[in-house]
Novice: 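Below is the structure I would like to discuss, written out as structure tokens.
In what follows, chains carry the letters A, B, and so on, assigned in the order in which the sequence lines appear, proteins first and then strands, with residues in each chain numbered from 1.
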There are 2 protein chains.
Amino acid sequence: MISKKAKYAIHALVKLARDREKGPILISEISKEGHIPQKFLEAILLDLKRAGVLNSKKGKGGGYYLIKKPEEVNMADVLRLFDGALALLPCVTYKYYERCEECTDELTCGIRRVMQQVRDETVRILKDSTLATVLASEKSTYKEQ
Amino acid sequence: MISKKAKYAIHALVKLARDREKGPILISEISKEGHIPQKFLEAILLDLKRAGVLNSKKGKGGGYYLIKKPEEVNMADVLRLFDGALALLPCVTYKYYERCEECTDELTCGIRRVMQQVRDETVRILKDSTLATVLASEKSTYKEQ
DNA sequence: ATAATACTCTATAAATCCGATAGACTTTAT
DNA sequence: ATAAAGTCTATCGGATTTATAGAGTATTAT
């Protein structure tokens with residue numbers, strides 16, 4: 001499961017992408033519309049600003065707005081920013097790598113191979129999924145599943 | 001990331017599958033070999049017993065042993081037993097379903113669709129991966145990746 | 001200039017979960 | 001009987017998560 005922080009972040013980003021023609025959007029507006037505690041949201045938006053995804057404008061008429069193109073913001077990066085590694089085990093991550101004590105030989109470890117597969121597929125799907133594709137899929141009316 | 005509990009469980013199960021011809025295996029042996037804290041492991045093995053995967057024998061010559069066939073124990077079920085849902089969001093789980101507050105229309109929610117895909121792939125891979133396939137892949141010498 | 005607006009920072013609290021340990025108890029083989 | 005081995009209950013410290021409060025700072029319209 002992803003953290004609420006990450007979930008809130010995605011929802012906020014999708015809204016900012018959807019409304020990106022409207023100029024800066026108030027924190028309070030994102031908070032109300034998404035039922036996200038405002039103070040909690042503030043911290044999240046700041047993180048996204050530091051990460052170079054958003055920028056903000058202070059003062060009257062201010063608010064937050066997207067500075068990357070919607071096609072350039074993918075779910076893998078957002079989840080990593082808030083929740084760390086996507087992999088299920090530390091031994092199959094790149095940035096957060098850690099050896100497993102329990103494992104005698106990592107190169108032949110069968111558990112590791114499975115988790116590697118899961119990671120690869122997960123990353124593939126999340127990388128392919130950007131704010132642009134999410135918005136587009138919202139508009140399509142056919143229902144999957 | 002999966003919990004240590006789940007990771008320990010998988011390692012213990014793989015060992016029990018590997019040594020299943022040897023009769024009951026001592027908790028202490030699994031603990032030592034896998035560098036798993038013994039008391040913690042005890043609770044894990046009990047959970048697996050209650051789940052019908054293992055059985056135990058008390059007294060001298062006792063220990064734990066697998067009662068399901070290695071092909072019948074898959075990673076998806078084990079992870080679910082210890083860590084709950086595999087999905088990244090509560091709105092794409094079956095057993096642990098919960099509606100997301102932030103979401104206006106679940107049927108068109110783009111975020112949900114992505115997470116649904118991730119879940120489907122993850123479950124597919126983990127269901128296909130059993131104690132039997134893990135053991136088999138340990139024996140193969142070629143190295144992926 | 002200045003008041004209103006809105007973002008930024010620091011601190012902290014409550015709740016929950018995780019990983020681990022202790023010790024007494026029960027069952028079983030010999 | 002007794003030693004071996006699993007079972008049960010209770011508990012603990014620490015980390016993490018989620019959330020809130022309040023003071024402080026920057027910006028803009030007018």
Novice: Closer than 4.0 Å, any side-chain N/O of Ser56(A) to the OP1 or OP2 of dT8(C)?
Specialist: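 Ser56(A) to dT8(C) OP1/OP2: side-chain N or O found under 4.0 Å.
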Novice: In whole Å, what is the span from the NZ atom of Lys57(A) to the P atom of dT5(C)?
Specialist: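 Those two atoms, NZ and P, are 16 Å apart.
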Novice: If the threshold is 4.0 Å, N to carboxylate O, is there a salt bridge linking Lys5(B) and Asp83(B)?
Specialist: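 No, no charged N to carboxylate O under 4.0 Å.
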Novice: Of the nucleotides dT7(D), dA4(D), dT8(C), which has the atom closest to the Tyr64(A) side chain?
Specialist: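 Nearest to the side-chain atoms of Tyr64(A), counting from C-beta on, is dT8(C).
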Novice: How close or far is atom P of dC7(C) from atom NZ of Lys60(A), stated in whole angstroms?
Specialist: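 Atom-to-atom, Lys60(A) to dC7(C), this comes out as 14 Å.
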Novice: Once each nucleotide of nucleotides 12-23 of chain C is scored for protein heavy atoms under 4.0 Å, what B/S/- sequence comes out, 5' to 3'?
Specialist: -------BBBBB
Novice: Could you tell me the separation between the NE2 atom of His35(A) and the C1' atom of dT18(D), rounded to a whole number of Å?
Specialist: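 It works out to 18 Å between those atoms.
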Novice: Just to be sure I understand the rule, does Leu45(B) reach a base, reach only the sugar-phosphate, or reach nothing, if contact means heavy atoms closer than 4.0 Å?
Specialist: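 Counting heavy atoms under 4.0 Å across all strands, no contact is made by Leu45(B).
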Novice: Find the distance Glu29(B):CD to dG6(D):P and express it as a whole number of Å.
Specialist: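 Atom-to-atom, Glu29(B) to dG6(D), this comes out as 11 Å.
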Novice: Using side-chain heavy atoms (C-beta onward) and a distance below 4.5 Å, is Met115(A) in contact with Ile10(B)?
Specialist: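 Yes, their side chains come closer than 4.5 Å.
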Novice: Check whether any side-chain N or O of Ser31(B) sits under 3.5 Å from a backbone N or O of Ile36(B) as a donor-acceptor pair, and report yes or no.
Specialist: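 Side chain of Ser31(B) to backbone of Ile36(B), a donor-acceptor pair under 3.5 Å: yes, one is there.
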Novice: Would you mind classifying the nucleic acid contact of Lys49(B) as base, sugar-phosphate or nothing, using non-hydrogen atoms under 4.0 angstrom?
Specialist: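 Sugar-phosphate: the residue Lys49(B), judged by heavy atoms under 4.0 Å, touches backbone atoms but no base.
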Novice: Counting only side-chain N and O atoms of Arg50(B), is one of them less than 4.0 Å from OP1 or OP2 of dG6(D)?
Specialist: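 It does not, given that no N or O in the side chain of Arg50(B) lies less than 4.0 Å from OP1 or OP2 of dG6(D).
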Novice: Send over the distance from Ile25(A) CD1 to dA6(C) P, rounded to a whole Å.
Specialist: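 Roughly 12 Å, once rounded to whole Å.
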Novice: Nearest whole Å is fine: how far is dA5(D) C1' from Leu46(B) CG?
Specialist: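 That distance rounds to 12 Å.
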Novice: Would you kindly give the CD1-to-P distance between Ile27(A) and dC9(C), to the nearest whole Å?
Specialist: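 Answer to the nearest Å: 12 Å.
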Novice: Closer than 3.5 angstrom, by distance alone: can the side chain of Arg20(A) be matched with the main-chain N or O of Ala17(A) as a donor-acceptor pair?
Specialist: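 Checked: pair present.
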Novice: Whole angstrom is fine here: how far is it from NZ in Lys58(A) over to P in dT25(D)?
Specialist: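 Lys58(A) atom NZ is separated from dT25(D) atom P by 10 Å.
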Novice: Quick one: does Arg113(A)'s side chain have a donor or acceptor within less than 3.5 Å of a partner on Ser137(B)'s backbone?
Specialist: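 Yes, because the side chain of Arg113(A) sits within donor-acceptor range (under 3.5 Å) of the backbone of Ser137(B).
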Novice: Do Cys109(B) and Glu138(A) make a side-chain contact, defined as non-hydrogen atoms from C-beta onward lying under 4.5 Å apart?
Specialist: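 The answer is no; the side chains never approach within 4.5 Å.
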Novice: So which of Leu48(B), Asn55(B), Val73(B) actually passes side-chain contact (heavy atoms from CB on, under 4.5 Å) with Lys68(B)?
Specialist: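 Filter result, single survivor: Val73(B).
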